[in-house]
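In what follows, chains carry the letters A, B, and so on, assigned in the order in which the sequence lines appear, proteins first and then strands, with residues in each chain numbered from 1.
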Amino acid sequence: MNYRSQLVAAWLGIAATLIMFIGLWPLMHFLPPLKPGLGQAELAAIYRGNATGIITGGILQMLACSIFMLYFSALALQLKRMEAAPLWTYTLLLTSVLGFVPVLVAEMLFSAAAYRPDRPDEIIQAFSDLGFFLFVGPALPGAMQMLSVAFAVLGDRNAEPVFPRWVGYFSVWTAVLALPGAVVTLFKAGPFAWNGVLAFWVAAIAFGLWINVTFWATRRALLIQMKSSAA
Amino acid sequence: MNLRTQLVCAWLGPIGTVILFFAMFFLMGILPPFRPSLAQGELVAIYRQHPIGMLTGGLLLMLATSIYMAFFALVAVQMKRMEKTPFWTYVFLTSSILAFYSVIVAEMVFSAAAYRPERSDMLIQALSDLAFILYVGTALPGSVQMVAVGFAVLGDDRADPVYPRWVGYLDIWAGILASPGTLICLFKLGPFAWNGALAFWVAAVAFGIWLNVNFWAARRAILRSAPAQRG
Amino acid sequence: MDAEQQGAVKRRAGHVPGEEGVWVLIMGDMLVFSIFFATYLIYRAQNVVLYTSSQLSMQRGFGLLNTVLLLTSSWFVALAVSEARAGGRERAMRLLLGAFACGIGFVVSKAFEWGGKIQAGITLNSNEFYIFYYMLTGIHLLHVLIGLIVLGYLIARSRRPDPGASYVLVMEGGGAFWHLVDLLWIVLFALLYLVR
Amino acid sequence: MLSTPLRRITAVWLLLVLATLFSWESAHVGNDHRLSSSIVLVIAFIKVRFVGLEFMELRHAPLPLRLIFEIWLLAACAALLILYWLSPMA
């Protein structure tokens, strides 16, 4: 069986999170995200001053998105074992793409903002706004991803559940924490703006925790499968 | 069994449509869509005067798209029951995302147009155009999505088919009708522009009919399978 | 009773050609095309002069040729269905080939017609009439292409050593779709080419 | 020698082709635009009815299906004629 490749795919989830972090922090300098209230000229100066960093960071975002797909596939395979009809498996697959396509588009918008330093400030600002909306905003597909794992885990009728049940409750909790990210378009400052405590930091940490916990559960389930197939 | 869950997911289809309608009609005022020929000044005035409606409506579009994913997953589960090899199921899943990611991107672009009233007229108009093109113009993946269900239904050769066969023909019909939206970029006026009777309304009604009929058929299939699974 | 009498009895009792579901597609398409036609006349009413003057450039000869081609192909298909019902698959197949050839002829003549227009500088957005002209004939052409795929399937099905139990049903249903293509064109031809 | 249904189909085809030529001519020759256009439209729908009843074999179809077709035919023809007569003269 291909348990070993599934194990590699599971580890790729952790790798993707790290790559995303590296892209965001040392390269793009988007941790913390640029303030929505920043003046046009100031904002444009940031893109002009760090064009290479933003563009290479963007490429890393794309890399992270791409390998996240392998991770979500590995996760979906575990979900499929929990379900009689693959309802939540399909939902996880659909929402995983739906949640990460905007990240790809966002990365391209950041790159477009940085690509030509001679662009008018106003255009750079528009690209940047749209970029942050797409990067932080798609919290609802993200929450739906977490919820589909939750429902699959809690509906698992196997004598020996694939994931421990608390992983299901944990996923519901992270989904709730991720929700405030959705409202970033309504605010320019405060906890719900795209650099806010709730919309960005709490949601980002919830996502990071969720990836790590589901990784742990996937790895554990795989190790059990490997052991029972060897026996 | 998770039949009750499946029933809930089936209901998410019509619920998503109600949310979509509410957001477009009451909040964003884009039902009917703004005329492409609207003068720049008039167009930007709408975004500047009603930013909150546009932004909250956009949020609801994201919500509707996210819960649609559970509905589509449910449809895919039914399709998988029809097929020996899940070819059309996979076509349906992939095209579902291809058709709906653009709603999320469009929603963010609408929001970006409304986010800063101080943006120049030209820029707001450009963002608005882009949003409508994404929103109405992504018609072909939608057609593929609808037609895929049709082929799966017609390919179902079991004695007691999962869906009635006429649903398959209706799906194909709706898919053909939805396709003229693809061409909106060619027109600024007339029935095939993005607010046109034929590009927008026929496609919107076709999608509405498709969704409701498939909801009905999925619900019927779930209820019919209930006693069999209990026994 | 010979086969024909049997068929007649069955038909008198009320026989749905093809499987019932096909008629959802066919009636649905007829409904939508009638909306297309009405939309055309509503837009036309706002600017009749533009429409009638633009219609002068319409080459009615092409329209006539197209109509006759489709009518003839429909005739072939109707004969083929009749043959198939009587068990003459070989002849049905040859009749379908004739229908297919007429359908190809329609596509080719449409290409010449459009090509001539485009060379004369008349394109999609030249004016509102031409938006309707290109789009409605284009959407109809899409139906012709789908219909050709259906005819191709019917031909392949007729050539199979064992056409299967549903053969006559499939012939009737596919045939009905092809007649739909013909039927829509009849109205489209009258509206776009002849009605001033 | 053609059998009865085949002969009938062929007769219908001939009729349709002749009707096409006739409406083409009448659109050409007529002096009163409105009247000749209306005739063209009515002929078109009569042709449609023949295609439906004979080629599509709705003649033998159960009543509901045939009724849907006939009602569509009448409604579409009436709607187009009304819309045409409501629009101003060129």
Side-chain angles (χ1 to χ4, degrees), chain C residues 4 7-8 10-18 20 23 26-27 30-31 33-34 37-38 40-42 44-46 48-49 51-53 60 63-64 67-68 71-72 74-79 81-83 85-86 172 175-176 178-180 182-184 186-191 193-196, chain D residues 2-6 8-10 12-14 16-17 19-21 23-24 26-28 30 33-34 36-38 40-45 47-52 54-66 68-69 72-73 75-77 79-84 86-90:
Chain C
E4 192 166 300
K10 196 175 144 209
R11 268 176 270 156
R12 218 169 294 130
H15 168 65
V16 179
E20 284 167 21
W23 291 93
I26 290 175
M27 293 298 179
M30 279 163 59
L31 178 70
F33 266 83
S34 51
F37 300 147
Y40 169 78
L41 284 180
I42 291 168
R44 176 181 170 279
Q46 318 300 318
V48 177
V49 179
Y51 280 70
T52 42
S53 60
R60 293 169 165 202
L64 186 70
T67 311
V68 173
L71 283 175
T72 308
S74 260
W75 174 54
F76 279 133
V77 169
L79 291 177
V81 171
S82 201
E83 287 289 352
R85 212 179 274 134
E172 287 176 349
W178 186 259
H179 297 312
L180 168 79
D182 182 11
L183 176 158
L184 295 174
I186 290 173
V187 184
L188 203 56
F189 169 59
L191 269 187
Y193 293 74
L194 303 178
V195 169
R196 304 240 161 126
Chain D
L2 290 172
S3 64
T4 331
L6 300 195
R8 189 177 173 115
I9 291 168
T10 307
V12 170
W13 170 73
L14 254 176
L16 287 172
V17 172
T20 305
L21 290 172
S23 59
W24 193 60
S26 72
H28 254 302
H33 268 321
R34 288 206 150 179
S36 62
S37 292
S38 305
V40 165
L41 264 182
V42 171
I43 292 179
F45 276 93
K47 283 159 68 184
V48 165
R49 187 158 184 272
F50 269 103
V51 172
E54 301 292 336
F55 286 175
M56 284 176 159
E57 299 181 322
L58 288 172
R59 199 159 55 98
H60 307 293
L63 198 61
L65 186 60
R66 180 163 172 181
I68 293 174
F69 177 73
W72 172 83
L73 193 86
C77 186
L80 294 191
L81 281 175
I82 291 169
L83 283 171
Y84 178 70
L86 283 180
S87 47
M89 277 276 245

Cut-off 4.5 Å, heavy atoms of chain D, and the answer for C:M27 is side chain

Looking at side-chain heavy atoms only, is the closest gap between D:L73 and C:M30 below 4.5 Å? no

Taken to the nearest 0.5 Å, the spacing of C:Y40 OH from D:Y84 OH works out to 10.0 Å

I'd like to check C:V195 versus D:L80 (side-chain heavy atoms, cut-off strictly below 4.5 Å). Are they in contact? no

Could you report the tightest heavy-atom contact between D:P88 and C:V48, atom names first, then the distance? O-CG2, 3.2 Å

Report which part of C:W75 has an atom under 4.5 Å of a heavy atom belonging to chain D: side chain, backbone, both, or neither. both

Kindly compute the distance separating CZ (D:F69) from CG (C:L183), expressed to the nearest 0.5 Å. 5.5 Å

I need the minimum non-hydrogen distance between C:L194 and D:S37, along with the two atoms involved. O-OG, 4.1 Å

What part of C:S53 lies closer than 4.5 angstrom to a heavy atom of chain D: side chain, backbone, both or neither? neither

Distance from D:L16 atom CG to C:D182 atom CG, nearest 0.5 Å? 7.5 Å

Out of curiosity, C:S74 OG to D:E54 CD, how far, rounded to the nearest 0.5 Å? 12.5 Å

Taking every heavy-atom pair that is under 4.5 Å apart, which of C:P17, C:G175, C:A190, C:A176 has the most such pairs with chain D? C:P17

Could you tell me which residues satisfy side chain to side chain contact (heavy atoms under 4.5 Å, CB included) with D:T20, sequence neighbours excluded, listed by chain and number? C:L64, C:T67, C:L71, C:F189, D:K47

Residue pair C:I26 / D:M56, side-chain heavy-atom distance below 4.5 Å: yes

Rounded distance [0.5 Å steps], NE2 in C:H15 versus NE2 in D:H60: 9.0 Å

Atom of D:L58, atom of C:W23 and distance for their closest heavy-atom approach: CD2-CH2, 3.6 Å

Among C:E20, C:E83, C:H179, the residue with the most heavy-atom pairs under 4.5 Å to chain D is C:H179

Compare every heavy atom of D:S87 with every heavy atom of C:A45, then report the nearest pair and how far apart it is. CB-CB, 3.3 Å

Set out, in order, the CA-CA distance, both residues' side-chain angles and the distance that settles side-chain contact (heavy atoms from CB on, under 4.5 Å) for D:T10 and C:L79, then state yes or no. CA-CA 8 Å; D:T10 307; C:L79 291 177; 4.3 Å; yes

Report yes if some heavy atom in the side chain of C:L191 is under 4.5 Å from a heavy atom in the side chain of D:L41; otherwise report no. yes

Give a yes or no on this: more than 12 heavy atoms of other residues, nucleotides or ligands lie within 6.0 Å of atom CZ of D:F45. yes

